[in-house]
Amino acid sequence: QVQLVESGGGLVQTGGSLRLSCAASGRTFSQYAMGWFRQAPGKEREFVAAIRWSDDSTWYADSVKGRFTISRDNAKNTVYLQMYSLKPEDTAVYYCAAGAGYRSSNGYGAWGQGTQVTVSS
């Protein structure tokens with residue numbers, strides 16, 4: 001099993017930046033990719049970004065492309081989501097996930113508890 005713990009959320013003003021971290025432990029070698037998803041109140045969970053362990057290939061939602069960057073640190077088994085130029089519509093609970101889903105949440109078998117990101121206007 002894989003355990004995931006997110007951190008780094010908080011309150012930031014429009015145009016600000018935050019970096020989310022997701023520390024993975026357990027059978028991380030069995031996971032093909034790590035992803036970030038988010039869920040705003042009253043909305044469905046949506047894909048944000050994903051990275052493949054084997055070659056660092058990345059995928060982004062159109063809404064965050066050019067503003068967010070996903071990266072990983074193998075030595076620390078940690079994946080990061082660097083967020084720039086934040087907008088109020090980025091406000092959500094952000095979840096990291098491990099598995100092989102890439103853009104689809106259905107393919108991820110392990111999820112973190114989530115971290116709140118609030119962007120004030």
Side-chain angles (χ1 to χ4, degrees):
Q1 290 186 344
V2 178
Q3 292 80 42
L4 305 172
V5 178
E6 301 103 332
S7 60
L11 174 64
V12 64
Q13 291 185 335
T14 296
S17 303
L18 280 175
R19 189 178 78 158
L20 305 183
S21 300
C22 175
S25 61
R27 295 183 59 182
T28 55
F29 63 87
S30 64
Q31 308 305 317
Y32 297 104
M34 297 287 290
W36 286 97
F37 291 78
R38 66 187 182 186
Q39 188 166 18
K43 295 187 177 181
E44 294 186 352
R45 188 172 298 187
E46 65 174 0
F47 168 76
V48 176
I51 186 167
R52 187 159 57 197
W53 283 114
S54 61
D55 62 2
D56 279 348
S57 293
T58 57
W59 295 260
Y60 294 94
D62 288 343
S63 59
V64 306
K65 198 172 294 183
R67 299 189 298 121
F68 291 9
T69 301
I70 188 170
S71 62
R72 63 183 175 95
D73 184 330
N74 279 354
K76 296 182 179 180
N77 270 346
T78 299
V79 174
Y80 303 98
L81 185 68
Q82 179 67 57
M83 305 184 293
Y84 296 103
S85 301
L86 284 162
K87 305 174 181 179
E89 51 264 43
D90 294 318
T91 295
V93 177
Y94 283 70
Y95 299 89
C96 73
Y102 301 104
R103 292 180 179 272
S104 172
S105 61
N106 290 337
Y108 289 92
W111 293 83
Q113 81 287 354
T115 185
Q116 177 71 46
V117 171
T118 302
V119 184
S120 62
S121 58

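As the structure is a computational prediction, the values presented were derived from the model and not from experiment.
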Write down the atom of [X], the atom of [Y], and the distance for their closest heavy-atom approach.
X	Y	answer
Trp53	Ala33	CD1-N, 3.8 Å
Ala49	Leu81	CB-CD1, 4.1 Å
Ser21	Trp36	O-CH2, 3.7 Å
Glu6	Cys96	OE2-N, 2.8 Å
Val93	Gly114	CG1-CA, 3.8 Å
Tyr108	Trp111	O-NE1, 3.4 Å

Q: Check step by step if side chain to side chain contact (heavy atoms under 4.5 Å, CB included) holds for Met34 and Leu4.
A: CA-CA 10 Å; Met34 297 287 290; Leu4 305 172; 3.7 Å; yes
Short side-chain to backbone donor-acceptor contact, [X] and [Y], under 3.5 Å:
X	Y	value
Gln113	Val5	no
Thr14	Ser120	yes
Arg103	Val48	no
Thr91	Pro88	yes

Q. Residues two or more places apart in sequence or in another chain: which of them pass ring-ring contact (aromatic ring centres under 6.0 Å, His included) with Tyr95?
A.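 ring-ring contact (aromatic ring centres under 6.0 Å, His included) list for Tyr95, sorted by chain: empty.
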**Q.** By ring-ring contact (aromatic ring centres under 6.0 Å, His included) - contacts of Phe47 (at least two apart)
**A.**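 Per chain and number, Phe47 pairs via ring-ring contact (aromatic ring centres under 6.0 Å, His included) with Phe37.
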Straight-line distance of [X] [atom1] to [Y] [atom2], nearest 0.5 Å:
X	Y	atom1	atom2	answer
Ile70	Gln82	CD1	CD	12.0 Å
Phe68	Ser17	CZ	OG	9.5 Å
Leu20	Thr78	CG	OG1	12.5 Å
Lys87	Ser121	NZ	OG	14.0 Å

Q. Do any pairs count as a side-chain hydrogen bond (donor to acceptor under 3.5 Å, both in side chains) and have a residue in residues 66-75, sequence neighbours left out, and if so which ones?
A.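 Every side-chain hydrogen bond (donor to acceptor under 3.5 Å, both in side chains) pair that includes a residue of residues 66-75, provided the two are not neighbours, is Asp56-Arg72, Arg67-Asp90, Arg72-Asn74.
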Q | Set of side chain to side chain donor-acceptor pair (under 3.5 Å) partners for Gln39, sequence neighbours left out | A |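 By the side chain to side chain donor-acceptor pair (under 3.5 Å) rule, Gln39 matches no residue at all.
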(Q) Lys65: which residues meet the side chain to side chain donor-acceptor pair (under 3.5 Å) condition with it, sequence neighbours left out? (A)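 Listed in chain order: Asp62.
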Q: Keeping to residues at least two apart or across chains, list the salt bridge (charged side-chain N to carboxylate O under 4.0 Å, His left out) pairs with something in residues 40-54.
A: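 Checked against salt bridge (charged side-chain N to carboxylate O under 4.0 Å, His left out) - neighbours excluded - the pairs reaching residues 40-54 are Arg38-Glu46, Arg52-Asp55.
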Q) According to a 4.5 Å side-chain heavy-atom criterion applied to Ile, Leu, Val, Met, Phe, Trp and Tyr, with indirect links allowed, do Tyr80 and Leu18 form part of one hydrophobic cluster? A)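 No, no single cluster joins them.
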